[in-house]
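Indexing begins at 1, ligand by ligand and atom by atom, following the structure's order.
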Amino acid sequence: MKNVEKYARGYFMPPEKSLKWTEKEYITEAPIWCSVDLRDGNQALVVPMTLEEKLEYFQLLVKIGFKEIEVGFPAASETEYTFLRTLIEKDLIPDDVTIQVLTQSRDHIIKKTFESLKGTKKAVVHLYNSTSVAQREQVFRKSKEEIIDIAVSGAKLLEKYAAETEGNFQFQYSPESFTGTEIDFALEICNKVLDVWKPTAENKVIINLPATVELSMPHVYASQIEYMSNHLNYRDNVILSLHPHNDRGSGVADAELGMLAGGQRIEGTLFGNGERTGNVDIVTLALNMYSHGVDPKLNFENILEIIEVYERMTKMKVNERQPYGGKLVFAAFSGSHQDAIAKGMKWREEHDCEHWSVPYLMIDPKDIGREYEGDVIRINSQSGKGGIGYVLEQQYGLDLPKEMREVFGYTVKNVSDHQNKELMPEEIHAIFQKEYVNINNPLEFIDYQFTKHDDYNTIVTVKINGETQQLVGEGNGRLDAISNALRSTLQIDYSNLVYKEHAQELGSHSNAVSYVGITAQDGTVHWGCGIDVDIMTSSVKALFSAVNKFTSSAKLTFKEGQFMTTK
Ligand SMILES: CC(=O)SCCNC(=O)CCNC(=O)[C@H](O)C(C)(C)COP(=O)(O)OP(=O)(O)OC[C@H]1O[C@@H](n2cnc3c(N)ncnc32)[C@H](O)[C@@H]1OP(=O)(O)O
Ligand SMILES: CC(C)C(=O)C(=O)O
Ligand SMILES: [Mg+2]
């Protein structure tokens with residue numbers, strides 16, 4: 001690409017190697033979660049949420065189980081201010097939830113922030129100022145010392161206004177644009193702020209290290225976090241918080257590796273809404289943990305309900321491929337995936353499995369309120385017999401013989417291919433009904449009678465081209481006798497009767513379902529299905545269906561009492 005020389009890496013490695021985190025394998029316990037949907041998420045929306053929307057979203061976050069929620073930037077607008085006042089005055093904040101507010105390091109903004117907090121039981125007041133080389137040089141045009149002054153003076157103002165305001169306040173500091181800051185400078189400024197606040201075990205300070213802009217690969221961020229974690233003063237009384245954005249698409253990886261490196265708290269949003277490419281997606285982080293058997297301490301058991309509120313409030317869409325929440329993430333169209341999923345599900349039914357291990361599915365969709373049917377296995381021209389058969393079995397109680405599944409699979413794929421669309425389960429069922437079930441043209445089954453000596457003898461009544469006839473046959477079973485009657489009387493040449501039957505126990509009544517396959521002289525197998533309340537009748541109807549399929553595909557016409565090839 002042209003202009004590549006215009007770009008260079010803009011992050012800073014820690015002054016010494018910090019790679020201890022690589023020795024850890026996975027995240028063993030949930031971090032402190034802080035939702036910043038109502039602040040960072042909200043400030044990134046085309047139209048920020050109204051008061052009513054913020055209130056509904058807040059309730060959603062509480063219901064999910066967030067214990068820390070950044071509710072806004074109260075000095076930013078009347079809505080932000082009023083929202084906070086409403087939460088406090090209407091006593092809408094549960095006792096176990098702490099609200100958080102963001103402020104720049106400017107006297108009038110900090111003052112207004114504390115005004116908005118009057119009467120709150122407890123809150124985190126979050127102070128930030130930019131520390132990166134680019135911000136120092138281009139935006140603030142200040143030296144490192146002057147930038148430290150902004151942070152330290154803001155820290156002192158927080159102390160001052162907190163002392164004047166009734167309530168229980170915890171402080172948080174973010175060196176905004178941390179990822180573009182020299183790490184030893186970020187450390188220096190954080191330690192200077194900590195020296196003002198002097199955290200104690202009873203009143204810990206949160207140091208939040210944002211990937212304001214994600215400038216590096218995640219292992220670099222993790223090394224930066226580990227270095228900071230090892231060198232921050234008052235470390236035992238500091239809660240180390242991470243706030244990844246997603247500019248390179250690795251926000252989740254930043255958070256996960258950052259936690260291995262010492263991050264104890266995560267700030268992020270539902271489905272990753274937030275500035276530019278978004279904040280880190282907390283749904284993904286939490287459910288990634290869940291998929292490893294670690295309780296994330298957030299409840300996403302009804303993810304569809306959460307998506308509905310999220311989309312309505314933010315006017316954003318959850319992408320179809322969004323981990324866990326996306327419409328298509330528990331859907332398989334391709335044949336081999338469907339086959340493996342269907343077999344995996346069956347395996348679970350038949351075995352006493354301790355842990356979830358169904359191929360292609362990270363977690364059981366049911367655990368987050370998603371369904372298998374129509375959700376997991378979806379049918380188009382890329383699908384195969386496994387998935388198509390699975391849909392018929394799960395939704396209509398039709399368990400086709402293996403060989404028939406294959407033939408029917410191709411029929412369905414062809415329809416989807418020609419119509420260039422996905423087929424819904426009811427369409428697949430309709431194709432099956434039309435193509436295979438109780439086919440009675442040209443040969444219509446009317447009745448049968450049996451007598452048995454050594455073998456079965458039958459008189460089967462049929463209607464062909466509107467004319468009723470009685471055919472006589474003999475065989476070692478009843479179906480065999482009827483088949484022999486058809487073959488010998490009507491001169492239909494096939495062999496190898498394949499037969500399977502089962503009860504169809506879906507809905508209020510139970511039918512018998514039979515499948516019959518017959519092999520023509522050229523080796524082609526023709527399949528038919530019969531459904532009836534009576535099991536014998538269902539098998540005869542299946543045979544007639546197969547024979548009718550055979551005569552029509554072999555272009556046999558009925559003339560002078562027998563079937564013959566059309567010239
Ligand atoms: C990475 C993040 O998400 S940071 C959070 C960003 N969120 C928001 O900005 C949303 C809410 N913000 C707002 O509504 C407004 O910006 C307000 C009300 C806070 C302030 O508005 P205004 O004072 O009109 O303007 P603005 O934000 O542009 O202020 C820029 C000035 O503040 C300074 N400034 C910016 N951030 C900070 C900070 N954290 N601490 C101290 N000063 C700051 C700038 O250097 C600039 O100074 P200058 O006037 O000397 O040039
Ligand atoms: C205010 C800070 C923490 C922020 O949102 C960021 O740096 O992304
Ligand atoms: Mg942010």
Side-chain angles (χ1 to χ4, degrees), residues 11 34-45 47-49 54 68 70-84 100-113 115-116 124-132 134-143 146-158 171-181 186 189-190 193 206-215 221 224-225 239-248 251 254-255 258 263 265-269 272-282:
Y11 58 85
C34 176
S35 152
V36 294
D37 293 72
L38 294 169
R39 197 279 298 172
D40 218 345
N42 189 51
Q43 81 187 32
L45 295 176
V47 182
M49 288 182 239
K54 279 196 117 180
E68 298 191 4
E70 192 165 70
V71 292
F73 198 134
S77 71
E78 201 184 313
T79 305
E80 294 281 279
Y81 190 91
T82 315
F83 171 57
L84 185 50
Q100 175 170 314
V101 289
L102 183 66
T103 175
Q104 293 179 343
S105 183
R106 294 162 80 191
D107 194 342
H108 69 286
I109 290 178
I110 297 173
K111 186 165 184 266
K112 178 117 193 196
T113 305
E115 267 169 33
S116 74
V124 173
V125 184
H126 178 186
L127 171 78
Y128 78 94
N129 71 310
S130 308
T131 55
S132 69
Q135 293 259 17
R136 290 193 324 251
E137 282 176 5
Q138 300 164 34
V139 183
F140 289 81
R141 299 182 178 218
K142 288 191 189 308
S143 66
E146 289 169 312
I147 294 290
I148 291 176
D149 269 356
I150 295 177
V152 168
S153 63
K156 288 180 179 162
L157 285 169
L158 254 62
F171 297 149
Q172 170 168 335
Y173 173 69
S174 293
E176 195 254 15
S177 59
F178 165 74
T179 41
T181 306
I189 199 165
C190 289
V193 169
I206 302 166
I207 292 290
N208 185 49
L209 301 177
T212 306
V213 181
E214 194 187 37
L215 297 175
Y221 183 64
Q224 293 167 338
I225 298 301
I239 297 168
L240 188 56
S241 177
L242 312 179
H243 177 110
H245 279 265
N246 194 38
D247 300 78
R248 296 170 57 93
D254 285 338
R265 180 180 186 268
I266 294 288
E267 291 192 349
T269 59
N273 176 45
E275 292 282 5
R276 307 177 307 281
T277 51
N279 284 76
V280 70
D281 171 16
I282 286 190

For this session: Between R39 and ligand 2, find which residue part has any heavy-atom pair under 4.0 Å and reply side chain, backbone, both or neither.
Result: side chain
Problem set entry | D40 near the Mg ion (ligand 3) via N/O/S, less than 2.8 Å | yes
Seminar exercise, completed: Here the atoms of ligand 2 under 4.0 Å from any heavy atom belonging to S174 are 3 (C)
For this session: Before signing off on this row, confirm whether H245 and ligand 2 have an N or O atom pair separated by under 3.5 Å.
Result: yes
For this session: Check each atom of ligand 2 against the heavy atoms of N208 and keep those under 4.0 Å away; list them by number with element.
Result: 3 (C)
Problem set entry | Proximal ligand 2 atoms for E176, defined as those under 4.0 Å from one of its heavy atoms | 7 (O)
Seminar exercise, completed: Counting heavy atoms under 4.0 Å, the part of N279 that contacts ligand 2 is neither
Seminar exercise, completed: One finds that the ligand 2 atoms under 4.0 Å from a non-hydrogen atom of D40 are 5 (O)
Exercise. Are any of the heavy atoms in E275 under 4.0 Å away from ligand 2?
Worked result: no
Exercise. Does E146 pair with R141 as a salt bridge, N-O distance under 4.0 Å?
Worked result: no
Exercise. Near ligand 1, which protein residues have a heavy atom under 4.0 Å away?
Worked result: R39, D40, Q43, F73, A75, A76, L102, Q104, S105, R106, I109, Y128, N129, F140, I150, E176, T212
Exercise. Considering only protein heavy atoms, which is closest to atom 7 (O) of ligand 2, and at what distance to one decimal place?
Worked result: T212 OG1, 2.5 Å
For this session: Could you say whether the N/O atoms of H126 and ligand 2 ever approach to under 3.5 Å?
Result: no
For this session: Specify the protein heavy atom at minimum distance from atom 4 (C) of ligand 2: its residue, its atom name, and the distance to 0.1 Å.
Result: H243 NE2, 3.4 Å
